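Here's the structure we're looking at; comments come further down.
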Amino acid sequence: MTVTDQDPGHTSSGMRHFRFLVVGNAVSAYGTYLDMIALSLFAYSLTGSATHTGLFLALRLATSVLTGFGAGSLVSRLDRKRIMVTSDISQAVALVVLVLAPTTAQAGLLYAVAVVTGAGATLTSVALRSSIPEIVGQDQRVRANALLATGRSLAMVAGFASAGVLISTVGYTGAFLIDAGAFLFSAAVLARLPITTRSRQPAAAAGSGPGAATDTGPDSGPDEARRPSGVLTAQLTALRYLRLTPVLLALISLRAADAFGSASHNVGLPVLSTMLDPQHPAAFMSQFWATWAIGNIIAQRAVARWARHTGRTINERAFAAGAALMSVAFILTFTAPPLPLAVLVATVAGVADGFTEIAYTTRLQATPDDQRGYVFGFSATAENLGFGVGMVACSFLLEQFTPLTVVTLFHGLAVLLAVAFLATLWARRRTTT
């Protein structure tokens, strides 16, 4: 962990405005997590087909992957605040149209909703994470990332916990309208906030901060006309920059491997829960994710407090160590330990997961603003692709092997890559010294 240079160009007003943004984003995230469950259940109840439900989920994930290819170019050329507002409004409109459509048309509209929500979530994520250093300043980005992650964690718990109650009381129509209202609230908050989402400084100044000395890439400069456009061009721009910063390229690769491993426990937990308690399979999953969420929030608040008191930031070594710890904790979860140990392991998994999310985002945000959008777009593609491939592979492997075997294989790969990453950084540092 290294000391961050203070950015005199940003005042406390940036963080004050950002807190309002966190509230709006948390409400939007609540809508996202709520419709993840509501739309999936609605797809199955409408079609009565597991195949159609799987296609809906696959289309949504595929859209997220494909959107990542072009997201870097969009957030580097267009106004990021406008992108986020448009994404929220588009998702709200899609849900309202689904509610108002006749029943005979809803099955087809579901696939359109999958595209809109998948694309909107990715664009919002890339635009927001790219904007944080410009909203609050490079010196405050650890605190900002921790606040944002805390809001999203609380929204995830609320969304998953309330989905069943809302659907049973107000039905799918009511749940979708609540989703739409959440997205519109987020759009209204963003539209009213007087925030700057793009650097007004030259690239060298915008890239000040830890790791900035090595983060000088091609096509630097504030000239909008020089910003490349196009899906393929955006990925090539990111790769050209990452070739000059191999540590970042390795970091994104490790994050993709981490997402690949995470797919195994997401697919494997329902199987494990059913094996442990066939009569009440949801009990173990609910207990695990509730405990995980508590650990997640503990880590995020601890990091925010630590950053506020020390003014320091988090580097790539901390991310790799946290990723390895998280993978080990998930592997231990599938050994079905006694209850006290299971609670401890789930808490550790949540703490490590919350910490790595902040560490990874903070490190990528040290990239100069004219390259940051491309890097986050490339990262979104890598993460979603790793998770999607992992989901498909796990579904097949779980037919042949136990959940513990599959999770150990997938998360074990992430541990090995994290250790190799740390060893390489240590060797480079020793050679340089």
Side-chain angles (χ1 to χ4, degrees), residues 4-32 71-72 74-93 120-152 154-155 180-203 205-209 221-224 227 304 307-308 311 313 358 361-362 364-373 376-377:
T4 311
D5 295 333
Q6 296 297 312
D7 185 353
H10 291 275
T11 64
S12 60
S13 63
M15 184 58 75
R16 184 172 64 251
H17 293 149
F18 187 76
R19 289 191 180 95
F20 287 102
L21 188 153
V22 167
V23 173
N25 183 259
V27 173
S28 174
Y30 171 79
T32 298
L74 287 174
V75 304
S76 296
R77 293 179 61 82
L78 304 178
D79 182 81
R80 293 167 182 166
K81 177 179 171 181
R82 187 171 299 172
I83 288 174
M84 290 185 281
V85 171
T86 303
S87 295
D88 281 337
I89 293 176
S90 298
Q91 292 178 80
V93 170
T122 299
L123 283 173
T124 297
S125 175
V126 173
L128 180 55
R129 293 197 292 178
S130 302
S131 303
I132 287 175
E134 312 313 320
I135 298 173
V136 302
Q138 284 282 355
D139 58 307
Q140 296 290 332
R141 69 186 194 277
V142 177
R143 285 183 60 199
N145 288 326
L147 283 172
L148 192 66
T150 300
R152 292 190 68 84
L154 292 172
F183 289 123
L184 290 176
F185 176 83
S186 173
V189 170
L190 271 169
R192 291 183 61 84
L193 284 177
I195 56 176
T196 300
T197 58
R198 189 178 303 286
S199 174
R200 296 177 181 175
Q201 302 173 345
S208 61
D223 187 2
E224 289 289 335
R227 297 183 188 275
R308 184 171 64 251
T313 189
I358 298 169
T361 304
T362 300
L364 261 61
Q365 285 168 346
T367 306
D369 184 58
D370 65 322
Q371 299 293 332
R372 194 181 304 134
F376 271 110

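Predicted model, so just to flag it, every value in this text is computed and none were measured.
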> Residues in side-chain contact (heavy atoms from CB on, under 4.5 Å) with S130, at least two apart?
Replying inline: V75, R80, V126, R372, F376
With a 3.5 Å distance limit and no angle check, can you tell me whether [X] reaches the backbone of [Y] through a side-chain donor-acceptor pair?
{"X": "Q140", "Y": "I135", "value": "no"}
{"X": "Q138", "Y": "A366", "value": "no"}
{"X": "K81", "Y": "S131", "value": "no"}
{"X": "S125", "Y": "A121", "value": "no"}
{"X": "S28", "Y": "G24", "value": "no"}

> Is there a donor in the side chain of N145 and an acceptor in the side chain of T361, or the other way round, less than 3.5 Å apart?
Replying inline: no
Quick one: closest heavy-atom pair of [X] and [Y], and the distance?
{"X": "A92", "Y": "A180", "result": "CB-O, 3.5 Å"}
{"X": "A127", "Y": "M84", "result": "CB-CG, 3.7 Å"}
{"X": "S76", "Y": "G373", "result": "OG-CA, 3.7 Å"}
{"X": "A187", "Y": "D88", "result": "N-OD2, 3.7 Å"}
{"X": "A155", "Y": "A29", "result": "CB-CB, 3.8 Å"}
{"X": "V85", "Y": "A191", "result": "CG2-N, 4.0 Å"}

How many angstroms lie between [atom1] in [X] and [atom2] in [Y], if you round to the nearest 0.5 Å?
{"X": "Q365", "Y": "E134", "atom1": "CD", "atom2": "CD", "value": "9.5 Å"}
{"X": "T122", "Y": "L74", "atom1": "OG1", "atom2": "CG", "value": "11.5 Å"}
{"X": "T196", "Y": "D79", "atom1": "OG1", "atom2": "CG", "value": "9.5 Å"}
{"X": "I83", "Y": "T124", "atom1": "CD1", "atom2": "OG1", "value": "9.0 Å"}

>> Within the 4.5 Å heavy-atom criterion, are L21 and L190 side-chain neighbours or not?
In response: yes
> Quick one: are L364 and R129 in side-chain contact, heavy atoms under 4.5 Å?
Replying inline: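 No, their side chains stay 4.5 Å or more apart.
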>> Set out, in order, the CA-CA distance, both residues' side-chain angles and the distance that settles side-chain contact (heavy atoms from CB on, under 4.5 Å) for F183 and T32, then state yes or no.
In response: CA-CA 8 Å; F183 289 123; T32 298; 3.6 Å; yes
> F18 and L148: side-chain contact (heavy atoms from CB on, under 4.5 Å), yes or no, with the steps?
Replying inline: CA-CA 9 Å; F18 187 76; L148 192 66; 4.3 Å; yes
> Counting only heavy atoms not in R82, do more than 12 sit closer than 6.0 Å to its CZ atom?
Replying inline: no
